[in-house]
Protein chains: 2
Amino acid sequence: MGNTMGDTGQPRRRVTIREVAERAGVSVATASRALSGNHPVPTSTRTRVLRAARDLDYVANAHARALVGGGRKMAAVVVRQVTSPFYAQVAEGVEAEAADRGWLCVVGATGGDPQREMEFVQLMREEGARLVILVGGVVEDDAYRSRVAHYAQALAASGARLVLCGRPAPDPDIPALVVEFDNEAGARAVTGHLLSAGHRRIVFLGGLPGNTALDARVAGYRAALAEHGVPAAAGRVVDCGLGRAAGLRAMAELLKETREFTAVVAGDDMVAAGALRAIADAGLRVPEDVSVVGYNDIPLAEDFNPPLTTVRTPAEELGRAAVRIALRDPEQASGNHHVLGTHIVVRRSVASPRGA
Amino acid sequence: MGNTMGDTGQPRRRVTIREVAERAGVSVATASRALSGNHPVPTSTRTRVLRAARDLDYVANAHARALVGGGRKMAAVVVRQVTSPFYAQVAEGVEAEAADRGWLCVVGATGGDPQREMEFVQLMREEGARLVILVGGVVEDDAYRSRVAHYAQALAASGARLVLCGRPAPDPDIPALVVEFDNEAGARAVTGHLLSAGHRRIVFLGGLPGNTALDARVAGYRAALAEHGVPAAAGRVVDCGLGRAAGLRAMAELLKETREFTAVVAGDDMVAAGALRAIADAGLRVPEDVSVVGYNDIPLAEDFNPPLTTVRTPAEELGRAAVRIALRDPEQASGNHHVLGTHIVVRRSVASPRGA
DNA sequence: ATGAAAGCGCTAACAA
DNA sequence: TTGTTAGCGCTTTCAT
């Protein structure tokens, strides 16, 4: 015990191409050519080199290779946390699309901390990532704008690309791509679904003032209310933020204060999960007493009690689209804005209000 | 001026330490010393260099740095898929613990394909990862054994470490660490919970013959049956494998064939989710008509209908433990075997059988 | 205190 | 067809 942390006892060196060359009785240049395969090398020597490499269990040093130019393409996805079902799906989409193209994919988690986000992007710059994908809504303040403008400029300066998933570009002219869902339309649609069922007193649970994604959903919610002739005063937005715990607590408190509503639009499915639990704890039933809808249609939303009616946002496709679009056309990659469609998934958490 | 090549066209090249040095009016050696900070450099020159670096938005080339020795420590986690709640939690644990130590963490998804697993490990060798963590149960055949023996030997040869999370070491002498849960004990405990409630006809849903994790759970299930004096013939194992879809279909089929059971032990929580749905579809109720227990206690298990009684496996802690242990003591890192504790979480999916 | 020079492992000219 | 020679960007002796 008591060794220097992190350092291996024996500094055993990796097998280099030089040893392979020696064993095969050729120069390193020839060995390199035989190994890479894209240069004319007679079969006899090629097999000899390949054999030597196999015998020695040689793997090329990616750093040396990167240094000289032919580095492996690397993409990076940055999310709040990988345990969020929605983010996990986006990350899986990015990873899948990247893998399909032979790219390496690195996943970074920031825990929502801008500081860690900056460090991670910096790190990716050092590692020579050619594609950085930032995922998730943010509060769009000046700090955010200058941060992202800097990322974009720095990444572009070294030929890398930046894509913003579900968050806005601070300025249409910065070299960044944005791919996102139409949050407002989605929220308008689910709220409309509730309205069509006869609900009039609907609360939005999970606002997060300043956060672009949530603000848009709130806007959609309000627009739907207006379209159906419901006075704005009849609406109510509870700004509890996202997450199951937040939804649970906020819903419990709201129920203690009033029961003057018949339906709730949750900021996302996790908030809905918490709300569902709080409603049950209060002795009410969904959808008989109150209807609930969520957002995102995470994989387990249909296993909630009751199965959740929600807005399907094809998260994996968002991830795939991000890399696909970023890699498509270098010249079009700037200022581009792509919006992916969403749709409602009707399950069993919505019914007509009592007496309707 | 002072640039070696015309920088008139696309700003594709990264800023190098050389440009920083020139701008600060020092040699690259001095710039390097000032930047790294661990060498005696007068404050005046240091600030000059730092300023130049900041002005140029310089970031060191990680590849060049790695090549010369002082590379960034990198850890890699390999899972089937990041969208599995359990794997996501393990990955988050690894990433958190790695980040705490200033390590970079790469997440790889194999989709369960050994071929992709091999490619990914190879890739990590090329990138110089110092720690590779393979997560999840596997079918332990000869191919697996030789594959892992090779990983272990190759990684160790270059001073890197291999840790197996929830899967066995093919041979206690290979240089690999294993960290896992006691699957048998966990399954024995939940099954015992069911038996104590009075159940005698209990089926295990989600066997996967050859898979080490599932085989152990089945063994625990059988052991519990035996301990409670239930004849082995009264037990039944449905080998439908893992995943919600598998659990849904297998449960539906089983229900069509027989209703001679009062409880089901699911291979994991996702299987339980599918089973719950199938049971409801058949017009039966949980836990009144049939009790159900899961495995892993994924974050949304308490939102199932009804909230699921299951075995809590601290997944994030598994990930953290993997890196902590691997980095602890170089000399003890071989042949070590660590087992993390689990416990039952009682919720509402279990009741006494009718007439008990 | 600082600069010149020697590589790290690899690929890509350029010769032979 | 092959070997020799330059570097890629950086850190680190070894001089100064």
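Just so it is clear: chains get the letters A, B, ... in the order the sequence lines come, proteins before strands, and each one is counted from 1. Keep in mind that what you see is a predicted model, and the values were worked out from it rather than measured.
Partners of B:Pro42 by side-chain contact (heavy atoms from CB on, under 4.5 Å), not counting sequence neighbours, listed by chain and number: B:Ser44, B:Thr45. Residues satisfying the side-chain contact (heavy atoms from CB on, under 4.5 Å) test with B:Thr30, not counting sequence neighbours, are B:Val26, B:Ser27, B:Arg33. Residues passing the side-chain contact (heavy atoms from CB on, under 4.5 Å) test with B:His338, sequence neighbours excluded: B:Leu177, B:Val179, B:Ile325, B:Arg328, B:Asn336. Under the side-chain contact (heavy atoms from CB on, under 4.5 Å) criterion, A:Ser146 pairs with no residue at all, not counting sequence neighbours.
Taking 4.0 Å as the cutoff to heavy atoms of chain B, we find the contact window on DNA chain D bounded by D:dG9 to D:dT13.
For the contact set between residues 40-52 of chain B and DNA chain C, defined by any heavy atom under 4.0 Å, the members are B:Pro42, B:Thr45.
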Reading 5' to 3' through nucleotides 8-13 of chain C, protein heavy-atom contacts under 4.0 Å coded B for base, S for sugar-phosphate only, - for none: BBSBBB
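Applying the ring pair (Phe, Tyr, Trp, His ring centres under 6.0 Å) definition to pairs two or more places apart or across chains, none involves residues 15-46 of chain A. Sorted by first then second residue, the ring pair (Phe, Tyr, Trp, His ring centres under 6.0 Å) pairs that include residues 111-145 of chain A, not counting sequence neighbours, number zero. Applying the side-chain hydrogen bond (donor to acceptor under 3.5 Å, both in side chains) test to residues at least two apart or on different chains, the pairs with a partner in residues 58-81 of chain A are A:His63-B:His63.
Rounded to 10 degrees, the angle between the two end axes of the helix from C:dA1-D:dT16 to C:dA16-D:dT1 is 40°, with five pairs used at each end.
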Let me check something: any side-chain donor-acceptor pairs from residues 87-100 of chain B under 3.5 Å, sequence neighbours excluded? List them with distances.
from: B:Glu92; atom 1: OE1; to: A:Val82; atom 2: N; distance (Å): 3.3
from: B:Glu92; atom 1: OE1; to: A:Thr83; atom 2: N; distance (Å): 3.3
from: B:Glu92; atom 1: OE1; to: A:Thr83; atom 2: OG1; distance (Å): 2.9
from: B:Glu92; atom 1: OE2; to: A:Thr83; atom 2: OG1; distance (Å): 3.0
from: B:Glu95; atom 1: OE2; to: A:Arg116; atom 2: NH2; distance (Å): 3.2
from: B:Glu97; atom 1: OE1; to: B:Arg320; atom 2: NE; distance (Å): 2.9
from: B:Glu97; atom 1: OE2; to: B:Arg101; atom 2: NE; distance (Å): 3.1
from: B:Glu97; atom 1: OE2; to: B:Arg101; atom 2: NH2; distance (Å): 3.0
from: B:Asp100; atom 1: OD2; to: B:Arg320; atom 2: NH2; distance (Å): 2.6

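A salt bridge links A:Asp55 with A:Arg51: the distance from a Lys NZ or Arg NE/NH1/NH2 to an Asp or Glu carboxylate oxygen falls below 4.0 Å.
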